[in-house]
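Along the sequence shown, residues are numbered consecutively beginning with 1. Side chains are part of it too, since the values below use all heavy atoms of this structure and drop only hydrogens, waters and symmetry mates.
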Amino acid sequence: MNHRATAFAAAYALLRSAADYADHWGQSDFDAQAKAATDDAPVTYTYENGPTVTVGTRGGRRACAHHVIQYTATQGLVLLAGARVLRIRLHPAAVAAALAVSGLTHYAADRRVPQGLLHRLAKASGKERFFKLADYGMNGAYCLDQSWHHTWETLAAAVVSCGARLDATH
């Protein structure tokens with residue numbers, strides 16, 4: 001196996017595991033609830049043992065950005081630590097580009113405003129009924145969201161593998 005294939009496989013595994021953690025365990029409940037808020041469809045959130053707030057477009061954008069910053073930082077830390085342990089030298093520009101791909105596309109999908117990007121893509125591809133499915137233990141919007149993230153993380157792993165070198169000194 002060549003060094004680029006090794007770097008790609010490692011980068012994908014590291015990015016995917018970090019993303020799964022950051023998207024589920026790392027994301028705050030507030031960010032998860034508020035990131036889709038708009039002025040036309042506000043979200044009312046009650047903090048545990050605390051106040052109740054109503055969030056509109058500005059707060060929804062802020063919640064989504066906060067989540068994506070946490071998500072991308074988690075991916076970056078795991079990618080760099082994992083590459084170090086695996087003795088894979090990554091090019092800094094490739095890492096930055098890969099994290100930008102992952103973060104920007106994550107924001108685009110997670111800012112789930114009414115008729116947002118994923119909903120429009122589902123509608124255009126004949127998947128709107130699946131997108132709206134929320135029964136039988138399934139949630140179509142969530143499944144399509146995760147598929148979107150996996151696809152872009154694959155591209156991010158390909159980007160980060162460009163210029164990667166295996167450290168043969170150890």
Exercise for the section: Take Y47 and V53 through the test side chain to side chain contact (heavy atoms under 4.5 Å, CB included) and record every step on the way to the result. Expected result: CA-CA 8 Å; Y47 288 93; V53 296; 3.9 Å; yes
Practice task
Please round to the nearest 0.5 Å and tell me the distance separating atom CZ of R111 and atom OG1 of T38.
Solution key: 7.0 Å
Handout entry: Under 3.5 Å: donor-acceptor pair, side chain of T72, backbone of I69
Key = no
Practice task
Assess the side chains of H67 and Q70: does a donor N or O sit below 3.5 Å from an acceptor N or O?
Solution key: yes
Problem - Cluster check V101, L118: I/L/V/M/F/W/Y, side chain < 4.5 angstrom - result: yes
Problem - Same apolar cluster: L144 and W148, side chain cutoff 4.5 Å - result: yes
Handout entry: Step-by-step side chain to side chain contact (heavy atoms under 4.5 Å, CB included) determination, W152 to L104
Key = CA-CA 10 Å; W152 287 105; L104 292 171; over 6 Å; no
Exercise for the section: Enter the distance from L117:CG to D110:CG here, rounded to the nearest 0.5 Å. Expected result: 11.0 Å
Practice task
Please check if atom OH in Y21 has more than 12 non-hydrogen atoms from other residues, nucleotides or ligands closer than 6.0 Å.
Solution key: no
Exercise for the section: Kindly say whether A13 contributes a backbone atom to a donor-acceptor pair with the side chain of S17 at under 3.5 angstrom? Expected result: yes
Exercise for the section: Identify the heavy atoms of I88 and A10 that sit nearest to each other, and give their distance. Expected result: CD1-CB, 3.7 Å
Handout entry: Interatomic spacing from OG1 in T57 to CG in D39 - rounded to 0.5 Å
Key = 3.5 Å
Practice task
Check the angle between the aromatic planes of H119 and F131 and answer parallel, tilted or perpendicular using the 30° and 60° thresholds.
Solution key: parallel
Practice task
Please state whether the rings of Y12 and F8 are parallel, tilted or perpendicular, taking 30° and 60° as the class boundaries.
Solution key: parallel
Fill in the blank from the handout: Between A164 and L90 the two heavy atoms that sit nearest each other are CB-CD2, 3.9 Å
Practice task
Can you measure from CG (L15) to CG (L99) and round to the nearest 0.5 angstrom?
Solution key: 7.0 Å
Problem - Short side-chain to backbone donor-acceptor contact, Q146 and Y142, under 3.5 Å - result: no
Exercise for the section: Determine, using the 4.5 Å side-chain heavy-atom cutoff (strictly less than), whether L80 and L166 are members of one ILVMFWY cluster. Expected result: yes
Practice task
Would you kindly confirm whether V55 and V113 end up in one hydrophobic cluster when ILVMFWY residues are joined by side chain heavy atoms under 4.5 Å apart?
Solution key: no
Handout entry: Atom of V159, atom of A98 and distance for their closest heavy-atom approach
Key = CG1-N, 3.8 Å
Exercise for the section: Hey, can you tell me if Y71 and H149 have their rings parallel, tilted or perpendicular (30° and 60° cut-offs)? Expected result: tilted
Practice task
Please report the shortest heavy-atom distance between A19 and Q75, naming the atom on each side.
Solution key: CB-NE2, 3.6 Å
Exercise for the section: First locate atom CZ of F30, then atom CD of E48, and finally report the distance between them rounded to the nearest 0.5 Å. Expected result: 15.0 Å
Exercise for the section: To the nearest 0.5 Å, tell me how far R89 CZ sits from H3 NE2. Expected result: 12.5 Å
Problem - Pairs satisfying salt bridge (Lys or Arg N to Asp or Glu O under 4.0 Å), at least one member in residues 131-148, at least two apart - result: R112-D145, E128-K132
Fill in the blank from the handout: Looking only at heavy atoms, the pair that brings S102 and E153 closest together is OG-CG, 4.1 Å
Exercise for the section: Treat each ILVMFWY residue as a node, draw an edge where side-chain heavy atoms are under 4.5 Å apart, and state whether L121 and L155 are in one component. Expected result: yes
Handout entry: V68 and K35, any side-chain heavy atoms less than 4.5 Å apart
Key = no
Exercise for the section: Considering non-hydrogen atoms only, spot the tightest contact between A141 and N139 and give its length. Expected result: N-OD1, 3.1 Å
